[in-house]
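Data block below; observations after.
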Number of protein chains: 2
Amino acid sequence: MATQGQAGMDEPDDIAQIREDFIERIGVMVQGEGFPRIAGRVLATLVFDGERASFGDLAENLAVSRGSISSSVRLLEDREIIRRVAKPGDRQDYFEMSEDAFVNLIENSANRARRAGKEIATTLNRLPQSQSGAHARLATYADFYDEIAVALSDAAERMRHRGQA
Amino acid sequence: MATQGQAGMDEPDDIAQIREDFIERIGVMVQGEGFPRIAGRVLATLVFDGERASFGDLAENLAVSRGSISSSVRLLEDREIIRRVAKPGDRQDYFEMSEDAFVNLIENSANRARRAGKEIATTLNRLPQSQSGAHARLATYADFYDEIAVALSDAAERMRHRGQA
DNA sequence: CATAACGTTCAGAATGGAGTGAACGAAAAT
DNA sequence: ATTTTCGTTCACTCCATTCTGAACGTTATG
């Protein structure tokens, strides 16, 4: 209902089918990235439809409880992947993709890697010089995460200058 | 026991403490990356100790069942993060970090991103031109994953040329 | 040959996180 | 003022994955 459903006349329910497939796929995909499945489905809905979706419609169309929508949108909001917006004349909350949703998505990953590197560095500092072997190996391990963090930050930067949503 | 335990005389059990902390931390860290906790603890053990560890010692020191060790080392072996090696005169299997454990770790992530991008591209191909808006948005979404894949591959390459373990 | 040590497998227990839905407070509508 | 409509919260259920441990085949060892 919140989609373009009956707009075209050429592809009847074919598109609705593709849309649902897509939403479901993204749901399981992001699940493998540490997000709850519903968060992925919400995101996929917004990506596909391209227009703001209401709280109620999300719950109804995805056939999940409002409680689930509440926690999933909060998660996505906190990471600045989606934004909560108002629609004049409607009491419901609406949601749309954040300006730089993808950039933030990448930067979230970058930050996670950075934190991991820092955590290893912490252990490293506690470790006396005498343990030169372990010291060197942990340093390499920390570098590994730092390298990832830098690479992802660069990717985010590239994405940002592309100016894409 | 498989560690450097009683080697130094300055830091008695202090180091053993740091070591255990480290192993446990990495365990939960990699858990957040989709690996079982025990796999992380095995990896951390090998990183810290820097020498091959026997199947039996791993089970004993980490205080987990041999079944768990079996499945965790297999997982790490499959991704070429660790190698199974033989120790002359010992029937047990031994494990050590793979030559380019970190490189492979990154490339695993890169591949996951690449797959994600491809999966979106699949949906994209099914979607008729008429849906130009959705088409464009999905394309951006696919690019997002491709961008990550490239960034991680680059990071892997840099890591490789650094020649670090 | 018999016994022991090794690693794997598989069914079941344990664990953790996701999703549900009723209860709630707030805000609008009537 | 009363009744809806909203979104959030929280205790509970449900589900997936991890981990365990006994059974097993295999290979060495006595």
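Numbers restart at 1 for each chain; the letters A, B, ... are given by sequence-line order, proteins then strands. What you see below is based on every heavy atom in this structure, not just the backbone, and it leaves out hydrogens, waters and symmetry mates. Because the structure is a prediction, the values reported are computed rather than measured.
Judged by distance alone, the side chains of Asn111(B) and Glu107(B) never bring a donor and an acceptor atom under 3.5 Å apart. Using a 3.5 Å distance cut-off with no hydrogens or angles, the side chains of Ser72(B) and Arg41(B) do not pair a donor with an acceptor.
Atom CD of Gln92(B) and atom P of dT29(D) are 13 Å apart (whole Å). In this entry the distance linking CD of Glu33(B) with P of dT18(D) reads 14 Å, nearest Å. The nearest whole Å value for the distance from the CZ atom in Phe95(A) to the C1' atom in dC6(D) is 11 Å. Between the CD atom of Gln31(B) and the P atom of dG17(C) there is a distance of 7 Å, rounded to whole Å. Nucleotide dG7(C) holds its P atom 5 Å from the CG atom of Asp93(B), rounded to whole Å. Note: CG (Leu58(B)) to P (dC6(C)) measures 13 Å, nearest angstrom. When rounded to the nearest whole Å, the span between CG of Asp90(A) and C1' of dT5(D) equals 11 Å. Leu76(A) places its CG atom 14 Å from the C1' atom of dA18(C), with the value rounded to the nearest Å.
Between Arg162(B) and Glu147(A) there is a salt bridge, with a side-chain nitrogen of the basic residue lying less than 4.0 Å from a carboxylate oxygen of the acidic one. Taking 4.0 Å as the cut-off between side-chain N and carboxylate O, Asp14(A) and Arg126(B) do not count as a salt-bridged pair. Looking at Glu77(A) and Arg83(A), no side-chain N of the basic residue comes within less than 4.0 Å of a carboxylate O on the acidic one, giving no salt bridge.
Contact check of residues 35-44 of chain A against DNA chain C (heavy atom, cut-off under 4.0 Å) returns Pro36(A), Arg37(A), Ile38(A).
Considering only side-chain atoms of Ser65(B), the nucleotide from dC19(D), dT9(D), dT27(D) that sits closest is dC19(D). Side-chain proximity of Ser70(B) to the nucleotides dT9(C), dT20(D), dT4(D) is greatest for dT9(C). Here dG7(D) is the nucleotide among dT9(C), dG7(D), dT20(C) with the atom lying nearest to any side-chain atom of Phe55(A). The side chain of Arg66(B) sits closest to dG7(C) out of dG7(C), dT5(D), dT8(D).
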If you apply the rule side chain to side chain contact (heavy atoms under 4.5 Å, CB included), what do you find for Ser98(A) with Asn104(A), and how did you get there? CA-CA 9 Å; Ser98(A) 151; Asn104(A) 291 336; 4.0 Å; yes

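Considering only side-chain N and O atoms, Arg84(B) lies under 4.0 angstrom from the phosphate OP1 or OP2 of dT8(C).
Of the two residues near DNA chain D, Arg74(A) and Arg91(A), the one whose nearest nucleotide lies more 5' is Arg91(A).
By the 30° and 60° cut-offs, the orientation of the rings of Tyr141(A) relative to Phe144(A) is parallel.
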